[in-house]
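The block underneath contains the structure these notes are about, expressed in structure tokens.
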Amino acid sequence: MRIVRTINENYVKSRVPRGFNLSAARAVQRRLSGLVVEKPLSERRLVAGLDVAYVGNTAVAAAVIVDSISKAVMDSAVIYTRVDFPYIPTLLSFRELKPMVMAYKSLERAPHVVMIDGHGIAHPYRLGIAAHFGVTMGMPTIGVAKSLLYGECDVDVDASPILDPATGDQLGAVIRCGAGLGPTFISVGNLISLPDAVRLARELCVSSVMPLPILMAHRLANKAKKSIKPQSG
DNA sequence: GCGACAG
DNA sequence: ATCTTGTCGC
């Protein structure tokens with residue numbers, strides 16, 4: 001099935017907190033997206049995955065490093081931090097970037113590339129959270145999402161390109177990791193090429209729509225969440 | 001005209 | 001994302 005998704009800026013405007021300067025935020029997104037670099041990835045052995053879970057206004061961010069060859073977990077970290085900004089489509093970075101950076105910095109080892117739960121440049125301003133993180137940290141990053149925020153593609157077709165409805169530019173690609181599994185949306189975050197991003201994502205999608213590093217970060221964040229929320233376990 | 005919208 | 005029971009399927 002072909003889907004086309006665009007963003008209603010008025011909806012975004014209606015959800016933004018009072019006092020938040022939306023046009024300034026858009027200007028920042030446009031400026032930082034200009035710093036995204038697409039190039040082949042050289043080192044790719046150690047791959048980190050980042051994900052965030054919530055308990056009320058407390059974010060539980062997890063980072064896990066997986067060896068892409070042996071699939072062994074090499075390092076992991078979890079942090080807790082208060083978040084103030086709400087979830088608003090196209091402004092996810094303003095809510096989750098800091099927690100992700102904190103978890104990433106808590107790692108003892110340095111990965112070669114980072115996979116993030118969210119889009120890279122497949123974003124109306126070409127700065128999804130994976131691209132934002134990549135430019136901010138100067139790291140190669142890949143955006144991996146379970147649903148489409150912005151763009152046009154064929155969700156049933158493996159390798160279907162995600163195109164910008166406005167310009168026709170390719171923003172990413174759909175991959176299908178197995179029968180019975182939904183689509184996974186891949187896009188460049190920073191310092192990687194789309195073919196390299198797609199190749200690495202495919203290699204690490206083991207019986208799940210999410211690649212191993214992100215899947216493990218997701219599980220770690222939810223496990224850690226239980227330790228501060230004992231009433232539901 | 002109203003509504004949809006990464007996590 | 002999170003709120004939530006039992007239930008169908010591999």
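Note on naming: letters A, B, ... go to the chains in the order of the sequence lines (proteins, then strands), and numbering restarts at 1 for each one. Heavy atoms only: backbone and side chains are in, while hydrogens, waters and symmetry mates are out.
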Spacing between [X] atom [atom1] and [N] atom [atom2], to the nearest angstrom:
X	N	atom1	atom2	value
A/Ile214	C/dA1	CD1	C1'	15 Å
A/Lys225	C/dC3	NZ	C1'	10 Å
A/Arg219	C/dA1	CZ	P	14 Å
A/Ile162	B/dC5	CD1	P	17 Å
A/Arg15	B/dC5	CZ	P	12 Å
A/Glu96	C/dA1	CD	C1'	8 Å
A/Arg95	B/dG7	CZ	C1'	8 Å
A/Ile7	B/dG7	CD1	C1'	13 Å

request  = For A/Ala122, answer base if it contacts any base atom (sugar-phosphate contacts may also be present), sugar-phosphate if it contacts only those atoms, and nothing otherwise; contact means non-hydrogen atoms under 4.0 Å.
outcome  = nothing
query = Counting any heavy atom closer than 4.0 Å, what does A/Ile3 reach on the DNA or RNA strands: base, sugar-phosphate only, or nothing?
reply = nothing
Between [options], which one does the side chain of [X] approach most closely?
X	options	answer
A/Arg5	B/dG7, B/dC5, B/dA6	B/dC5
A/Leu149	B/dG7, B/dC5, C/dT2	B/dC5
A/Asn8	C/dT2, B/dC5, B/dG7	B/dC5

side-chain N/O [X] vs [N] OP1/OP2, d < 4.0 Å:
X	N	value
A/Tyr54	B/dG7	no
A/Lys146	B/dA6	no
A/Ser147	B/dG7	yes

request  = Taking all heavy atoms of A/Val174 and all of A/Pro183, pick out the closest pair and write down the distance.
outcome  = CG1-CB, 3.8 Å
request  = Identify the heavy atoms of A/Phe185 and A/Leu148 that sit nearest to each other, and give their distance.
outcome  = CE1-N, 3.7 Å
query = Should A/Arg202 and A/Asp158 count as an ion pair when the cut-off is N to O under 4.0 Å?
reply = yes
key: Distance under 6.0 Å and angle within 45° of ring axis: A/Arg126 vs A/Tyr150   = no
request  = Indicate yes or no: at least one non-hydrogen side-chain atom of A/Leu149 is less than 4.5 angstrom from one of A/His123.
outcome  = yes
